[in-house]
Q: 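The structure is given below, and queries will be raised subsequently.
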Amino acid sequence: MFLRKIYTELVLIRKELQALRLEPKVESNQGVQVFETKYIGEDDSKVVVSFTLSGCTWLKLSKSFAWRKVRSYISQQE
């Protein structure tokens, strides 16, 4: 009887947690992928941004003023 009550409570808790679970949002635009995950109890979300470039294009981008500005902005936000 006591174990049955514990089991029932665990099933209810599991259902509540499943209802609260937020699915990650994936967005893709012109080769840039944005993967956003929101966590329960947090106002902000975590975002991973990725893209694929050829080695030559990455070399140019990584040395550009624009990329240095992006890295500087990210450093300031952390």
Side-chain angles (χ1 to χ4, degrees):
M1 179 79 171
F2 182 69
L3 290 176
R4 181 72 173 157
K5 185 173 182 175
I6 292 173
Y7 174 78
T8 304
E9 288 296 318
L10 287 173
V11 169
L12 290 173
I13 291 169
R14 181 175 175 222
K15 286 181 182 179
E16 288 177 16
L17 288 173
Q18 286 175 337
L20 290 174
R21 185 179 304 148
L22 299 172
E23 294 299 320
K25 181 173 74 171
V26 178
E27 179 182 313
S28 182
N29 185 13
Q30 296 178 343
V32 177
Q33 295 179 342
V34 179
F35 182 81
E36 180 178 11
T37 305
K38 292 189 178 201
Y39 295 95
I40 298 168
E42 291 187 21
D43 293 332
D44 207 357
S45 61
K46 305 294 182 199
V47 179
V48 175
V49 179
S50 68
F51 52 90
T52 304
L53 300 172
S54 68
C56 182
T57 303
W58 170 245
L59 187 60
K60 290 177 188 175
L61 176 61
S62 67
K63 294 180 179 182
S64 71
F65 176 74
W67 187 251
R68 284 195 304 271
K69 293 292 283 183
V70 168
R71 291 191 54 124
S72 173
Y73 179 79
I74 291 170
S75 294
Q76 290 172 6
Q77 300 306 308
E78 293 177 340

Q: Examine L59 and L53 and state if one hydrophobic cluster contains both, with Ile, Leu, Val, Met, Phe, Trp and Tyr joined whenever side-chain heavy atoms are less than 4.5 Å apart.
A: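 Different clusters: L59 never reaches L53 through Ile, Leu, Val, Met, Phe, Trp or Tyr contacts under 4.5 Å.
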
Q: Would you say the side-chain atoms of S72 pair up with the backbone N or O of R68, donor to acceptor, closer than 3.5 Å?
A: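 The answer is no, because no donor-acceptor pair under 3.5 Å joins these two groups.
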
Q: List for me each residue that meets side chain to side chain donor-acceptor pair (under 3.5 Å) alongside T57, sequence neighbours excluded, and say none if there are none.
A: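 Result, side chain to side chain donor-acceptor pair (under 3.5 Å) vs T57: S54.
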
Q: With sequence neighbours left out, write down each residue that passes side-chain contact (heavy atoms from CB on, under 4.5 Å) with I74, or none if nothing qualifies.
A: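 For I74, the residues satisfying side-chain contact (heavy atoms from CB on, under 4.5 Å) (neighbours in sequence not counted) are V70, E78.
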
Q: With a 4.5 Å cut-off on side-chain heavy-atom distances among I, L, V, M, F, W and Y, is there a chain of contacts connecting Y73 to V49?
A: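 Per the 4.5 Å side-chain linkage, Y73 and V49 are not co-clustered.
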
Q: Students often mix this up, so state it plainly: with edges at 30° and 60°, are the rings of W58 and W67 parallel, tilted or perpendicular?
A: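 The rings of W58 and W67 stand perpendicular, inter-plane angle above 60°.
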
